[in-house]
Amino acid sequence: MLWLRALCSRFVLGCAFTDRIELNDSVENLPISQRAAAAPPYVASLNPEQRAAVEALDGPVLVLAGAGTGKTRVLTTRLAHLLSSGRAKPWGVLAVTFTNKASREMRERVEKLLGPGGGGLPWLGTFHSISARMLRTHAELVGLKNNFTILDPDDQIRLMKQIIDAEGIDEKRWPGRQLAGLIDSWKNRALTPEKVPKNEAFAFADGAGVKLYAIYQARLRILNACDFGDLLMHMIDVFQRHPDVLQTYHRKISHMMVDEYQDTNVAQYLWLRLLAQASKNLCVVGDDDQSIYGWRGAEVDNILRFEHDFPGAKVVRLERNYRSTGHILATASHLIANNRGRLGKTLFTDDEDGNRVKVRGVWDGEAEARLIADDIEQWRQGNRSYAECAVLVRAAWQMRAFEERFLMLRIPYKVIGGPRFFERAEVRDVHAYLRLIRSEDDDLAFERIVNQPKRGVGEGTVQKLHAHAGKPPVRFVTDNGPLFDEDTGEVVTEQAEAPGGATRFRTLIGAAREMTITDELPLKARTALRSFLSDLDRWREKSREISHVELAEIVLDESGYTEMLRNDKSPQAQTRLENLKELVQSMGQYDTLEAYLEHVALVLDIEAESDGENVQLSTLHAAKGLEFPLVFLPGWEEEVFPSKRSVDENGDKGLEEERRLAYVGITRARESARISFAANRQIYGRWQVVLPSRFIDELPAANVDAVSETGYGMQAPGVRDMAVEPFSSGYQSPGWRRAQERGAFKGKPPVIDGEARLVARSGDGDAHYRRGDRIFHQKFGYGQVRMVDGNKLTVDFDKAGEKRVIDSFVVPASAA
DNA sequence: TGTGCTTCATTTTTT
DNA sequence: ATGAAGCACA
């Protein structure tokens, strides 16, 4: 033990922790009970709840952090406090987040508090990055080499397809994507093929699911690869089967912290529990009300059960909200109180009441986009920034209407979480080259690029290579002597059972090598393959001497990839070249190819360009953790939000998760939240009449303004039976027509005759008027409404270029 | 190997 | 509506 201490202190003195050590010294001289009192000044600036969370350093701790209660601050301060109080060493703290962004942010903020940490906090990262790091050192325990590849979802699906095909199952009826999803969900629950419950085993292809899963795992092992789920699964396996390994981590890691605990799945829970077993110093931070990832395996139960799972856990509630004004917070709280399964918190703020939450009904999606765009323009004219506005939708398709409107009005916008850099084909191609140079086992990488750029090695040739790879080895004697087995180095003579029961005796590269000296392949393909193989060998050779950045440049150049893009006249080719430049540049930040690929497999999010002056367009999911002064929440309609599928598939559980999503949405707002819903909506090109979301009924009337400025008679939340019958003389909206076809409304649409009372008028001139006890709507083109004689309204209806006056209404004084 | 036509699905998304 | 993916055919 002594030598260990000596080593540690030398290590500490040798690197950039000097100022941290000074902090340590001052506290370390105190008895443990007094250390908290002598805490550094940053702890003093916290509110009492936060401080309690920060200072509970030992034993299990559950921090229930409501939206906007300073969760990140608590987390980072706690980590800093842990270090500066001397309670834990930088290499003894395991701090887990879900996203790379979150872990990056945490690292930065801790460094800000404690000064630059140099190589400190090696165990701060995502579940996956930490697991990958661990697995690299224990790969052999699960039958992998330590240079294993981490497959991206695309490779994963490709592999699934191959397996499904090989098993003689119709890939069209049972798509690889579905199998991937199924296996993923099993892995989320830490189920190995043997452990999959019998009743679920039949979920795919009439009972082949589990078998395919087992084959898939075997194939991965052969390919020296694993997928994201495996990173955790393998480590759980190692921990369970090799207590000595687990113990080394127990010895190393004294304290653990987990962010967003409500989003952990079963596998992550097991992983955490195994690691926390010894020290019990596990602090989890989360908010059961913001658990919105059930569909990808998150178990709210993990957080609900924490006190039970970790007896003696200290629970700290953070309920003081620093983000939103009173009405917004009250609205969100009132809404979420409708959920049954929750630990319960009451958020409060000292801030002023601020604006009431606006709820507005509109005619259709277009009107909604117009309304919101106009609001944004108004905000801008009030000298506020576009970037302060966010439009948060339930599903990605809802963004289109807004994008169209924004483009038309020249409002700059940015889609949060748009297409990701690492998903781009060209980036993945380069990675495939690098992966193949690093490990010949990587058949998927080989397949991806063997004909990229085009070399004349087509699908047919690849088929033959596959077939050959599956043939039992035979002795080949060439001019250069006999061929050797890839792995053992022995001359290949014997027929052997392929490992894992899968049919592969050689890597595809191995097969290619052999087939370039036989005449089974057409000459053209053979020559092409041969030169491709010698390229690969040459690059591999070079990679020992040159940096990985140079390697990438050489590969891009010599493979003809760059040239291919240069010759490509399509507009995307230019972007692709730029992406590649960015890629090569970003590689420079990593010391080795290994380090880079590791990073790539797990993260590779090139920093998004700065937000600048853009309206933020996002799904509700992607907006979690963000905040904006002005938030629009459009599309609050039954079956859209709450999503029909969610409720259909998961019943009340699904509905509650949708409600949490609504809660997340509202609590993103600082100053103003504006909810809207339409009566008609185009969904996948089909018009549908839709009803206001039940969530609208659940809003507290006292904190909400129901505005009918553009709506058609929605007076207050709770009024659901508003008349949505649209009609007109001469013009019927597609939505109305469809509704009529479905028999949604009985009787004939009323016809305008005589006088009607105008209730409201859209900015674009759509008229909403009341006759008798019903409210009707008349849809018109933009800017074609004229007021005549004070309160008499004339509408010009522009149809096929021909303008004609079709109607006039008398406007009651109250609406004018 | 490359093309043009048909079919199909279409919540949310990280690693 | 829309776009991706699969498929038959040149």
Side-chain angles (χ1 to χ4, degrees), chain A residues 96-103 125-132 150-154 156-158 161 170-173 175-178 181 184 187-188 226-233 259-260 263-265 267-268 291-298 365 392-401 404 416-420 422-423 425 451 454-463 522 524-525 528 598-605 618-625 635 639-650 654 657-658 660-662 664-665 681-687 734:
Chain A
V96 206
T97 62
F98 270 84
T99 64
N100 294 294
K101 194 174 153 225
S103 70
T126 62
F127 278 104
H128 297 267
S129 70
I130 294 173
S131 294
I150 299 165
L151 293 192
D152 65 35
D154 210 68
Q156 208 181 330
I157 288 164
R158 205 131 37 102
K161 279 183 180 169
D170 183 7
E171 213 271 327
K172 269 166 74 184
R173 263 198 71 199
R177 179 175 298 277
Q178 197 186 325
D184 223 45
K187 286 186 177 173
N188 282 338
C226 68
D227 60 24
F228 284 122
D230 281 340
L231 292 173
L232 285 148
M233 290 278 282
D259 191 12
E260 305 280 16
D263 288 337
T264 50
N265 61 33
Q268 287 155 342
S291 168
I292 56 174
Y293 286 111
W295 48 274
R296 65 177 200 215
L392 310 181
V393 295
R394 173 67 244 262
W397 58 261
Q398 292 170 277
M399 290 186 192
R400 221 189 58 206
E404 274 170 18
I416 297 177
R420 250 160 285 282
F422 61 88
E423 281 161 6
N451 204 27
K454 303 262 180 287
R455 302 190 166 84
V457 183
E459 213 172 308
T461 306
V462 173
Q463 281 299 311
K524 203 177 122 204
E598 180 82 358
H599 174 76
V600 146
L602 292 165
V603 295
L604 221 172
D605 43 357
S618 168
T619 63
L620 285 160
H621 282 93
K624 188 168 167 213
E639 308 207 335
V640 174
F641 187 40
S643 141
K644 178 177 162 54
R645 194 150 153 191
S646 176
V647 178
D648 283 356
E649 285 176 10
N650 302 308
E657 182 155 315
E658 296 287 305
R660 291 194 289 266
L661 208 44
V664 167
R681 192 172 287 281
Q682 224 177 352
I683 300 172
Y684 304 131
R686 309 232 163 263
W687 279 99

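Here is the naming used below: chain letters follow the sequence lines, and residue numbers restart at 1 for every chain. Excluded from the calculations below are hydrogen atoms, water molecules and symmetry mates; all remaining heavy atoms, backbone and side chain alike, are included.
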Among the nucleotides [options], which one has an atom lying closest to any side-chain atom of [X]?
| X | options | result |
| --- | --- | --- |
| Lys454(A) | dT15(B), dG2(B), dT13(B) | dG2(B) |
| Ala396(A) | dT12(B), dT14(B), dT11(B) | dT12(B) |
| Ser646(A) | dT15(B), dT11(B), dT14(B) | dT11(B) |
| Thr619(A) | dT15(B), dT13(B), dT11(B) | dT13(B) |
| Ala395(A) | dT13(B), dT12(B), dT15(B) | dT12(B) |
| Ala622(A) | dT13(B), dT12(B), dT15(B) | dT13(B) |
| Arg400(A) | dG2(B), dT15(B), dT2(C) | dT2(C) |

If we only count heavy atoms from C-beta on, is the [X] to [Y] side-chain gap below 4.5 Å?
| X | Y | result |
| --- | --- | --- |
| Thr461(A) | Arg455(A) | no |
| Asp230(A) | Lys187(A) | yes |
| Val664(A) | Ile292(A) | yes |
| His621(A) | Arg394(A) | yes |

Could you tell me how far dA5(C) sits from dT12(B) if I compare only their P atoms? Round to whole Å.
16 Å
What is the separation between atom [atom1] on [X] and atom [atom2] on [N], rounded to the nearest whole Å?
| X | N | atom1 | atom2 | value |
| --- | --- | --- | --- | --- |
| Arg394(A) | dT11(B) | CZ | P | 10 Å |
| Trp397(A) | dT11(B) | CH2 | C1' | 10 Å |
| Lys644(A) | dA9(B) | NZ | C1' | 16 Å |
| Arg645(A) | dA9(B) | CZ | P | 11 Å |
| Asn188(A) | dT12(B) | CG | P | 18 Å |
| Glu260(A) | dT13(B) | CD | P | 15 Å |

Where protein sits on nucleotides 4-10 of chain C, one letter per nucleotide: B base, S sugar-phosphate only, - none, heavy atoms under 4.0 Å
--SS---
Over all strands shown, is Thr99(A) touching base, sugar-phosphate only, or nothing at heavy-atom distances under 4.0 angstrom?
sugar-phosphate
Arg455(A) or Asn650(A), whichever maps to the more 5' nucleotide of DNA chain B
Arg455(A)
On DNA chain B, does the nearest nucleotide to Tyr293(A) precede the nearest nucleotide to Val457(A) from the 5' side, or the other way round? Give the residue.
Val457(A)
For Phe98(A), ring-ring contact (aromatic ring centres under 6.0 Å, His included) partners two or more places apart
Phe127(A)
For Ala267(A), enumerate each residue passing the side-chain contact (heavy atoms from CB on, under 4.5 Å) test, keeping only those at least two apart in sequence or located in another chain.
Ala190(A), Ile236(A), Asn265(A)
Below 4.0 Å: OP1/OP2 of dT15(B) and any side-chain N or O of Asn100(A):
yes
Can any side-chain N or O of Glu657(A) pair as donor or acceptor with the backbone N or O of Gly654(A) at less than 3.5 Å?
no
